[in-house]
Every structure is written in C-alpha cells, then in structure tokens.
Number of protein chains: 2
Amino acid sequence: MGASKLTDYTNEEITLARYAKALSHPARIAILNVLLQRNVCVCGDIVDELPLSQSTVSQHLKELKIAGLIKGDIEGASICYCINETEWSKAKEHFTKWFQLYDEMKSKCC
Amino acid sequence: MGASKLTDYTNEEITLARYAKALSHPARIAILNVLLQRNVCVCGDIVDELPLSQSTVSQHLKELKIAGLIKGDIEGASICYCINETEWSKAKEHFTKWFQLYDEMKSKCC
DNA sequence: AAATATAATCGTAATATTGCGATAGATATG
DNA sequence: CATATCTATCGCAATATTACGATTATATTT
C-alpha cells in the first residue's frame, strides 16, 4: 500500500548502465576506435596506439570482453581482437531506443 | 619518425567516455527514466522512487547536472529537475554516430 | 630444447566512486 | 519569528577503478 520505494533497478536499467560503464573510459573508446578504423584485426598493435602499458591495455580489453563488445580469437602467438557484432548491435539498440524516449515524451517541462 | 604512441585521447573519445560515465550507474539511468516517464517535473519524488537515501540521490543528480544531461530549476522550496534537451540531443548524436561507425566498416573481421 | 614474442595475470599503490547519516542553507507555512 | 520542508554539502567508510612493473603462460622460432 504505502511503500513506493523501488526495491531494485530494472533489468533494462542495469543493462544500459553496464554498457555505459564499459564505454566510460577514454582508453576503452580509443581501443574500440582502433578496431573500428582498421580493416584487419589488430592485437598487440592496440598497445602501440595507446598511451598505456601492455598490462593496462590488457585489462581494458578484458573489460570490453566481459561486456561482450569485443571478442578475441587466438591467432598463433598473438590474439586477434575485433568487435562482437551481435553485442554491438544490442548495445546500439539499447542506447538508441532509450535516447529516443525523450522524443516520445508528450509534454516536456522546464 | 618512430614513435607511434598516441600522446593523448581525442576530444571525441573524451566526450563520449564522459557521457558514458554519466550513464554508467543504474541509479542515474533510473533517475533519467523517472524524468522521462513523468510529464511533470519531479523533484524530491525521485528520492521516493529510488532505493537510495536523499543524500545519495542528490549526489547522482549533481553528476548528471555536471554532465549537462539534466537541469534543475528552483521552484519554491523544492527543485524541479528535467532533462536538458540540448545536451541530451548532443549525447544522442554522439552515441548514434559512433555506433554507426561499425556499419560503415568496409571489411569486418573474425 | 632454448630463446623470443605475445598477451594474461598477479601484486600493489594511488585515486575515484558509492553510499549514508548528520548538518547546513534556503524557502515556505503557521 | 518559529517550525517544517526540501535539497545540497560535509565527513567518513567501504569498495571499485585505474595503472604499472613483474611474472606467468602459451606459442613460435632457431
């Protein structure tokens, strides 16, 4: 009856926040930009393109992998990273639809 | 000649990461959802809708305000928060265009 | 097998974030 | 003016993030 406090966040809120978190560091955006700009899958080249150490880049790659935005295929001694199309599309959809909610608002205030 | 290390991130990378950071917590997404769902500007109502204390909500509101995504108009003793249309559109554009870069890739790998 | 190259992981330090209660400031109401 | 309401800020604790060097694991050469 009384209690109107939300007990928790919705799945949609959590999902969106998780994608956003993956993109919340310039290094991770830069990594994805490298993957977007090159036709070929890069691996250690990413390290050379960023102002960060190998271990730090590897950590950022791990986070992007956990978020699902990239995948890494073992290619000999090196690893070929690239954007995960499925998850990329999902993230795109989530953001696009969410941002569009504003346009669908009937009455905007202030 | 040799050195190919990026000295720093691009403005675009920083901007995108900053927007993403503002959206990287479920509470902030939830706050924006409240503002998106209500026709009228809410103020302290946001606190009632979230599983967080008043001070914590206030802090999240501050971050959203710093990111520019919302603005707060003083309305008597309370404050009327709403989405900042200009910045919202900017963020939307940034994300949309960036996500679209994938579609514009000539050859996808892996 | 030894040496080399590549990338992940460990350990650690510095910093940032998150959350809350308590307090302060500003505005309304009696 | 006193009180109540609403929101921001302060102080603090717990946790998470970021970054790096050193090490480890795996694969490729020689």
Side-chain angles (χ1 to χ4, degrees), chain A residues 4-9 13-14 17-32 34-35 38 40-67 69-82 110, chain B residues 4-9 13-14 17-32 34-35 38 40-67 69-82 110:
Chain A
S4 63
K5 275 263 183 194
L6 229 70
T7 49
D8 220 343
Y9 304 111
E13 282 160 356
I14 292 167
R18 209 147 49 79
Y19 282 133
K21 190 160 203 168
L23 304 178
S24 71
H25 196 290
R28 291 194 286 274
I29 298 287
I31 288 173
L32 291 168
V34 172
L35 296 179
R38 302 210 182 198
V40 278
C41 285
V42 292
C43 16
D45 300 342
I46 299 169
V47 175
D48 297 330
E49 294 276 356
L50 297 188
L52 297 170
S53 74
Q54 182 267 319
S55 63
T56 304
V57 170
S58 190
Q59 235 173 274
H60 284 301
L61 284 169
K62 189 182 179 185
E63 285 179 61
L64 288 171
K65 209 158 37 171
I66 289 170
L69 292 171
I70 64 170
K71 55 183 175 180
D73 287 349
I74 297 168
E75 195 155 290
S78 57
I79 292 179
C80 170
Y81 278 106
C82 53
C110 297
Chain B
S4 63
K5 274 266 183 194
L6 229 70
T7 50
D8 217 344
Y9 304 110
E13 283 161 354
I14 292 168
R18 207 145 51 77
Y19 281 133
K21 188 159 204 170
L23 304 177
S24 72
H25 196 289
R28 291 195 285 275
I29 298 286
I31 288 173
L32 291 167
V34 172
L35 295 179
R38 302 213 180 195
V40 278
C41 285
V42 293
C43 16
D45 299 343
I46 300 170
V47 175
D48 297 329
E49 295 276 355
L50 297 187
L52 295 170
S53 74
Q54 181 267 319
S55 62
T56 304
V57 170
S58 191
Q59 235 173 273
H60 284 301
L61 284 168
K62 189 181 178 184
E63 284 178 62
L64 288 171
K65 210 158 37 170
I66 289 170
L69 292 171
I70 64 170
K71 54 184 176 178
D73 288 348
I74 296 167
E75 196 155 288
S78 57
I79 292 179
C80 171
Y81 279 106
C82 52
C110 295

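All values below were derived from every heavy atom in this structure, side-chain atoms included, with hydrogens, water molecules and symmetry-related copies excluded. Chain letters run A, B, ... following the sequence lines, proteins first, then strands; residues in each count from 1. Computed from a prediction, not measured in an experiment: that's the story for all the values here.
In this structure, A/Glu75 reaches neither bases nor backbone, as no heavy-atom distance under 4.0 Å exists between it and the strands shown. Nucleic acid contact for A/Ser78: sugar-phosphate only, since backbone atoms but no base atoms lie under 4.0 Å from a heavy atom of the residue.
Heavy-atom nearest nucleotides on DNA chain D were determined for A/Ala77 and for A/Ser24, and the one closer to the 5' end corresponds to A/Ser24.
In this structure, the side chains of B/Leu23 and B/Leu32 come closer than 4.5 Å at one or more pairs of heavy atoms. Put simply, the side chain of A/Leu50 does not reach to within 4.5 Å of the side chain of A/Thr56, judged on heavy atoms. A 4.5 Å side-chain heavy-atom check between B/Glu49 and B/Val42 finds every atom pair outside the cut-off. Side-chain atoms of B/Arg28 and B/Leu69, non-hydrogen and from C-beta on, never get closer than 4.5 Å to each other.
When distances are taken from the side chain of B/Lys62 to each of D/dT9, D/dC20, D/dC6, the shortest belongs to D/dT9. When distances are taken from the side chain of B/Lys21 to each of C/dA16, D/dT17, D/dA19, the shortest belongs to C/dA16. Residue B/Leu52 places its side chain closer to C/dC20 than to any other of C/dC20, D/dT18, D/dC6. The nucleotide whose nearest atom lies closest to any side-chain atom of A/Ser55 is, among C/dA8, D/dT9, D/dG21, D/dG21. Counting only heavy atoms from C-beta on, B/Ser58 has its side chain closest to D/dA8 among D/dA8, D/dA19, C/dA22. Each of D/dG21, C/dG19, C/dT18 was ranked by its minimum atom distance to the side chain of A/Ser53; first place goes to D/dG21. The nucleotide whose nearest atom lies closest to any side-chain atom of A/Gln54 is, among C/dG21, D/dA22, C/dG19, D/dA22. Here the side chain of A/His25 is nearest to one of D/dT9, D/dT18, C/dT18, namely D/dT18.
Between A/Leu61 atom CG and C/dT9 atom C1' the separation is 14 Å, expressed in whole Å. Here D/dT18 presents its P atom at 12 Å from CD1 of A/Ile29, a figure rounded to the nearest Å. As rounded to whole Å, 13 Å separates atom C1' of C/dA7 from atom CG of A/Asp48. Rounded to whole Å, atom P of C/dT17 lies 7 Å from atom CD of B/Glu63. The interatomic distance linking A/Gln59 (CD) with C/dC10 (C1') rounds to 10 Å, in whole Å. In this structure, A/Ile79 places its CD1 atom 18 Å from P of C/dA5, rounding to the nearest Å. Atom pair A/Ile66:CD1 and D/dT17:C1' shows a separation of 13 Å (rounding to whole Å applied). Between the CD1 atom of A/Ile74 and the C1' atom of C/dA5 there is a distance of 15 Å, rounded to whole Å.
By the 30° and 60° cut-offs, the orientation of the rings of A/Tyr9 relative to B/His25 is perpendicular.
For the pair B/His60 and C/dT17, the criterion of a side-chain N or O lying under 4.0 Å from OP1 or OP2 is not met. Using a 4.0 Å cut-off, no side-chain N or O of B/Thr56 falls inside it from OP1 or OP2 of C/dT18.
Taking every heavy atom of both residues into account, B/Ile29 and A/Glu13 meet most closely at CG2-CG, 3.7 Å.
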